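I have placed the structure first, in the form of structure tokens, so that the comments after it can refer back to it.
From a predicted model like this one, the values you see are computed outputs, not experimental measurements.
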Amino acid sequence: MRSQPAKRSNINLSIINLNQSMEFEVNTVPTYQETVEKAAGALAAESQYRQFVLQKGRKSGDLRLTLTQSVIKRSFDILVALTACVLFSPIIIVIALLIWAYDFHTPIFSQTRVGRGGKEFTIYKFRSMRIDSESDGVPRLCEDHDSRLTGIGAFLRAHHLDEFPQLWNVLRGDMSIVGPRPERPYFTVRIIEKYPDYLMLMHIRPGLFSEATLYNGYTETIDQMVRRAEMDIDYLRGYSFARDIKIIYDTTMSILLGKKF
């Protein structure tokens, strides 16, 4: 029993160290590369801080999926992704050609996101913005009526058709069909600073479909990201294969009916 205060002290010390590692200089404006490096460093912090946060959030039991759930979920992901690639291949080709014809630039957009275990991966989407949308290197969230969106890009984004290339991420094992939406390192650090329980979502692969996105829509602020993270954790706590099927059905019907979210 006498060893407990020492453990708490170590945990508190590791929390302080991680918070310090996530701080940015007040009197300087970091470059994009410096920001990403700091984000990667903060996400790489492990040991007692991460364990403390995970234990803190386990009020409803262990939030990890069981081995059986993981195997079923991954098998389903591969089956759905392969089937969708075949069924929607004509639409995918047409979209790619339309984007290319708009400005004669690549139709595929890639970006670094944070996935399971805090590991970074490259996500692929159909390009919906101008090539120079972040030419200054400053990460920005997309907003309603964003002037950076192209004509075809605004339509694709409104109807979530820009996400077809993420089927490749699902096949690669970076993502799942259903799961929390992956964020960029820059924003992931800021979410963790405000809502440390966000780390619990790194137990599972991020998803193409998300219950939180369906009911909370796209996020434009950190506060909205935190709200979406809370909904994602609720999904993880109450996970079931049947819930995944319902999310896929509800999302598909919303897209077909033209619902904006």
Side-chain angles (χ1 to χ4, degrees), residues 8 10-26 30 32 34-65 111-121 123 138-144 174-176 178-239 243-244 247 261:
R8 290 197 184 96
N10 290 336
I11 289 173
N12 292 335
L13 179 60
S14 63
I15 293 173
I16 293 172
N17 290 337
L18 181 60
N19 286 336
Q20 291 176 344
S21 71
M22 292 193 294
E23 289 179 354
F24 293 84
E25 291 80 358
V26 175
Y32 176 68
E34 289 172 340
T35 299
V36 172
E37 288 175 355
K38 285 181 178 291
L43 287 171
E46 298 175 338
S47 68
Q48 297 174 351
Y49 174 76
R50 179 165 296 195
Q51 292 303 316
F52 172 76
V53 171
L54 294 178
Q55 291 296 332
K56 178 183 176 182
R58 288 175 184 166
K59 298 176 182 178
S60 302
D62 196 335
L63 296 184
R64 298 174 188 267
L65 302 187
Q111 195 175 70
T112 299
R113 298 291 178 97
V114 179
R116 187 173 63 169
K119 296 181 179 179
E120 296 179 3
F121 69 97
I123 195 171
V138 179
R140 294 185 180 89
L141 294 170
C142 186
E143 303 174 350
D144 289 337
D174 300 324
M175 297 177 64
S176 178
V178 181
R181 292 298 297 167
E183 297 293 351
R184 300 163 71 175
Y186 178 88
F187 295 112
T188 298
V189 170
R190 278 150 181 77
I191 297 172
I192 294 173
E193 288 176 335
K194 195 160 188 177
Y195 185 62
D197 284 0
Y198 182 80
L199 284 171
M200 288 188 291
L201 295 177
M202 294 182 185
H203 282 322
I204 59 175
R205 291 182 178 89
L208 179 60
F209 290 172
S210 164
E211 187 175 56
T213 300
L214 177 61
Y215 295 111
N216 197 43
Y218 282 118
T219 55
E220 299 177 2
T221 66
I222 297 298
D223 286 339
Q224 289 177 344
M225 288 180 170
V226 170
R227 172 56 184 153
R228 188 171 68 181
E230 291 172 343
M231 296 176 70
D232 284 328
I233 288 177
D234 177 71
Y235 158 78
L236 183 55
R237 282 200 176 101
Y239 174 79
R243 188 169 184 174
D244 274 1
I247 292 170
F261 60 93

From [X] [atom1] over to [Y] [atom2], what is the distance, rounded to the nearest 0.5 angstrom?
{"X": "Glu120", "Y": "Gln111", "atom1": "CD", "atom2": "CD", "value": "11.5 Å"}
{"X": "Tyr235", "Y": "Ile247", "atom1": "OH", "atom2": "CD1", "value": "5.5 Å"}
{"X": "Tyr215", "Y": "Arg227", "atom1": "OH", "atom2": "CZ", "value": "13.0 Å"}
{"X": "Leu65", "Y": "Ile204", "atom1": "CG", "atom2": "CD1", "value": "6.0 Å"}

*Mind checking side-chain hydrogen bond (donor to acceptor under 3.5 Å, both in side chains) for Lys194 and listing every partner two or more places apart, or none if nothing turns up?*
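Here the qualifying residues are Asp223.
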*side-chain hydrogen bond (donor to acceptor under 3.5 Å, both in side chains) against Arg243, all qualifying residues, sequence neighbours excluded*: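 Residues passing side-chain hydrogen bond (donor to acceptor under 3.5 Å, both in side chains) with Arg243: Glu211, Asp234.
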*Regarding Tyr239 and Asp244, is there a side-chain donor-to-acceptor distance under 3.5 Å anywhere?*
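A donor-acceptor contact under 3.5 Å links the two side chains.
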*Check whether any side-chain N or O of Arg113 sits under 3.5 Å from a backbone N or O of Pro182 as a donor-acceptor pair, and report yes or no.*
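Side chain of Arg113 to backbone of Pro182, a donor-acceptor pair under 3.5 Å: yes, one is there.
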_Expected output: side-chain Arg181 to main-chain Leu208 donor-acceptor under 3.5 Å_ =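 Answer holds: yes.
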Looking at every heavy atom in both [X] and [Y], which two are closest together, and how far apart are they?
{"X": "His203", "Y": "Arg116", "answer": "O-CD, 3.6 Å"}
{"X": "Gly179", "Y": "Ser210", "answer": "O-CB, 3.3 Å"}
{"X": "Asp197", "Y": "Ile233", "answer": "O-CD1, 3.4 Å"}
{"X": "Ala229", "Y": "Leu201", "answer": "O-CD1, 4.0 Å"}

*Charged N to carboxylate O under 4.0 angstrom, Arg190 versus Glu193?*
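Here Arg190 does not pair with Glu193 in a salt bridge, since their nearest N and O are not under 4.0 Å apart.
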*Run the side-chain contact (heavy atoms from CB on, under 4.5 Å) check on Met225 and Tyr195 step by step: do they pass?*
CA-CA 10 Å; Met225 288 180 170; Tyr195 185 62; over 6 Å; no
_Applying the side-chain contact (heavy atoms from CB on, under 4.5 Å) criterion to Val114, which one of Thr188, Ile191, Val189, Ile192 satisfies it?_
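The passing option is Thr188.
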